[in-house]
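Structure record follows, encoded as structure tokens.
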Amino acid sequence: MDPDDSEQDPETKEQYASVYVGREEDIKRSERITAVVHDREVVIFYHKGEFHAMDIRCYHSGGPLHLGEIEEFDGRACIVCPWHKYKITLETGEGLYQSINPKDPSAKPMWCSKGIKQRIHTVTVDNGNIYVTLSNEPFKCDSDFYATGIFKVIPSSF
Ligand code: FES
């Protein structure tokens, strides 16, 4: 659905308006920030010259992705959740895992995708300012569970 679609009701339109989250130079320096965008907590990473925004809580059990390390798997940059080490691609929000053919124990493990599990949001750079626009892709994403309702608040003790 187009966020600028004039058919949208005003409330929906408001929810998908871009929100200023910080200065480009500051985020490049810190390499990550957290922000609340229309009541949704997101993390914005700066990695290898690109900005990426996603739901802050891991799709698996709500782990704090802003505290994870970024590593490359199969040539793809991933945030590794600090709780159970799930790997999530920064670009697409896919969950990656390694698989091996049990009938061929000598085979090398292969990286596979579970599909999109973490909702990715759009980052826009404008005149040194960074904006995030929430995704309104009409599919059920596993991370939605921890981005809404009673699960969305991250305790400050993390
Ligand atoms: Fe992230 Fe389990 S909560 S891997």
Side-chain angles (χ1 to χ4, degrees), residues 1 3 15-16 18-24 26-125 130-158:
M1 202 184 295
Q15 191 182 354
Y16 296 108
S18 64
V19 168
Y20 169 80
V21 295
R23 295 281 303 157
E24 180 181 5
D26 294 338
I27 302 171
K28 280 182 171 174
R29 199 176 310 119
S30 64
E31 297 187 334
R32 65 182 66 188
I33 62 161
T34 63
V36 177
V37 177
H38 298 300
D39 221 21
R40 191 167 186 124
E41 285 182 290
V42 298
V43 55
I44 299 105
F45 296 109
Y46 178 71
H47 180 72
K48 292 195 171 172
E50 289 185 10
F51 292 97
H52 304 274
M54 62 175 60
D55 285 342
I56 199 169
R57 302 199 70 178
C58 175
Y59 73 89
H60 174 227
S61 274
L65 294 181
H66 60 300
L67 302 181
E69 297 294 325
I70 294 174
E71 294 179 42
E72 301 253 332
F73 299 96
D74 205 22
R76 305 177 78 185
C78 295
I79 183 72
V80 180
C81 178
W83 280 7
H84 313 103
K85 307 300 178 194
Y86 277 30
K87 292 128 181 77
I88 302 166
T89 62
L90 295 183
E91 193 91 36
T92 61
E94 288 168 78
L96 297 188
Y97 67 100
Q98 277 191 304
S99 140
I100 197 164
N101 180 352
K103 293 182 180 158
D104 180 6
S106 66
K108 241 179 104 184
M110 303 279 291
W111 283 101
C112 302
S113 172
K114 302 176 195 173
I116 297 172
K117 296 292 187 178
Q118 196 75 19
R119 194 174 282 278
I120 298 295
H121 306 288
T122 303
V123 180
T124 310
V125 185
I130 302 292
Y131 299 84
V132 171
T133 309
L134 292 181
S135 153
N136 66 347
E137 290 294 321
F139 72 100
K140 179 83 184 81
C141 194
D142 287 5
S143 68
D144 292 343
F145 181 79
Y146 295 104
T148 56
I150 60 170
F151 297 103
K152 72 179 179 183
V153 178
I154 293 189
S156 57
S157 59
F158 284 158

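Note that the structure is a prediction, hence the values are computed from the model and not measured. In each ligand, atom 1 is the first atom listed, and ligand 1 is the first ligand listed.
- Classification of the His60-His84 ring pair by plane angle, with boundaries at 30° and 60°, yields perpendicular.
- Shown here for Gly95 and Lys117, the closest heavy-atom pair between the two residues is N-CG, 4.1 Å.
- Those atoms of ligand 1 that come under 4.0 Å of a heavy atom in Trp83, given as number and element, are 3 (S).
- Residue contact annotation: Cys81 places no N/O/S atom under 2.8 Å from atom 2 (Fe) of ligand 1.
- The only member of Ile79, Ile56, Val42 that meets side-chain contact (heavy atoms from CB on, under 4.5 Å) when paired with His66 is Ile56.
- Near Gly63, meaning under 4.0 Å from one of its heavy atoms, ligand 1 places the atoms 3 (S).
- By the criterion of a heavy-atom distance under 4.0 Å, both the backbone and the side chain of Tyr86 are placed next to ligand 1.
- Closest N/O/S atom of His60 to atom 2 (Fe) of ligand 1: ND1.
- Relative to atom 2 (Fe) of ligand 1, the option among Gln118, His84, Lys87, Arg57 with the closest non-hydrogen atom is His84.
- Taking a cut-off of under 4.0 Å to the non-hydrogen atoms of Cys58, the atoms of ligand 1 that pass are 1 (Fe), 3 (S), 4 (S).
- For Arg119 and Tyr59, the positive end is not near the middle of the six-membered ring at less than 6.0 Å and at most 45° from its axis.
- Here is the list of ligand 1 atoms found below 4.0 Å of a heavy atom in Ser61: 3 (S).
- Figure legend: Lys114 and Tyr86 shown as a cation-pi pair, the cationic atom lying under 6.0 angstrom from the six-membered ring centre and within 45 degrees of its axis.
- Of the options Thr133, Val43, Asp55, Ile44, a side-chain contact (heavy atoms from CB on, under 4.5 Å) to His121 is made by Asp55 and by none of the others.
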